[in-house]
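Below you'll find the structure, written out as structure tokens, and then a few comments.
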Amino acid sequence: MNAGTPLLQVKQLRKYFPVFSQGFLRRQIGLIKAVDDVSFDLMPGETLGLVGESGCGKTTTGRAILRALDPTAGEVLFQDGDQTVDLTRLAASQLKPLRTKMQMIFQDPFASLNPRMTVGDIVGEPLVIHKLASGSESEDRVAAMLQKVGLMPEHRTRYPHAFSGGQRQRIGIARALIMQPSLVVCDEAVSALDVSVQAQVINLLQDLQQELGLTYLFIAHDLSVVRHICDRVAVMYVGKIAELSETASLFSDPKHPYTQALLAAVPNPDPDVAMDATLSGEVADPGNPPPGCSFHPRCAECMVQCKEDMPQQVELSENHRVWCHLYGN
Ligand code: SF4
């Protein structure tokens, strides 16, 4: 793979869910546009954050990329060695070998591990499913992976209930990484953990990225976590990207009013600094979004044009794009 080739190119990705009427006939009466025309690249070794309020479509985007959900439209181009494959076009049988290269770390370490399986079986199961190793080779790989994530090889005979939340998340990470994927989608991977444990797991994810050359799509709602771990950040609102930028410039000079409001709402540890509650109102309904810019009912900068026209992408610099009528022409 050329160093300048993205590992992942997401182009005009859409995921719509039909809404049906109640009753016997169950006619389709609407569409929820959970992901609506989302495009971005992800370079090898990079961490891209996807942030936004609950229901903005960030998790659905991650799932549609990995084909845990079938996209409604768009392309997801994955670089598999020298080959570029469009994941959206593959049949299940063609997708299966690629699953080893794309993995997901889930939010809830309590719910994502089978309580009836030992840790060794949980972590080693993907090797069995994909026929990558068995017997002593599989055991050795599981033991090595447990050590890599900060657990001990002897932990493999225990069950998930014997572990703390942070340790369970380490087990989930070990399971995701045992097949040596290149792309890992971290879906709120540290959101369910205590703050001190969060820091440990974030450091672990960063160390593993360095060691194994991983590329992360990091889905989160906590902006301080995103600031710490991500190279670039895409801010989503009602199924669309509102702003996409390198992390430093997004935090130092946010352009989109929604990004500005999200950042202003982050609690400041200094008790003398008042919180700016500029983000008022409810998130728009993706089944019935407002016309024009879907943020306009909550936007302090709203203009007449915002209520009529959907904003298009404006490139502010090579690594900073915004979708807002305040910019461009
Ligand atoms: Fe606000 Fe208009 Fe920009 Fe939307 S397009 S964020 S309503 S200024």
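Just so you know, ligand 1 is whichever comes first in the structure, and atom 1 is the first atom listed for that ligand. What you see is a predicted model; the values in this text were computed from it and never measured.
Using a 3.5 Å distance cut-off with no hydrogens or angles, the side chains of D222 and S224 do pair a donor with an acceptor. Counting only N and O atoms by type, the side chains of S134 and S138 include no donor and acceptor under 3.5 Å apart. Using a 3.5 Å distance cut-off with no hydrogens or angles, the side chains of Q107 and S191 do not pair a donor with an acceptor. A side-chain donor from one of E243 and T259 sits under 3.5 Å from a side-chain acceptor of the other.
Excluding waters, the set of protein N/O/S atoms under 2.8 Å from atom 2 (Fe) of ligand 1 reads C306 SG.
Among protein heavy atoms, the minimum distance from atom 6 (S) of ligand 1 is reached at H256 CE1, 3.4 Å.
Close placement of the H155 and F163 rings is indicated, their centers lying within 6.0 Å of each other.
For E53 and R298, the salt-bridge test passes: some basic side-chain N is under 4.0 Å from an acidic carboxylate O.
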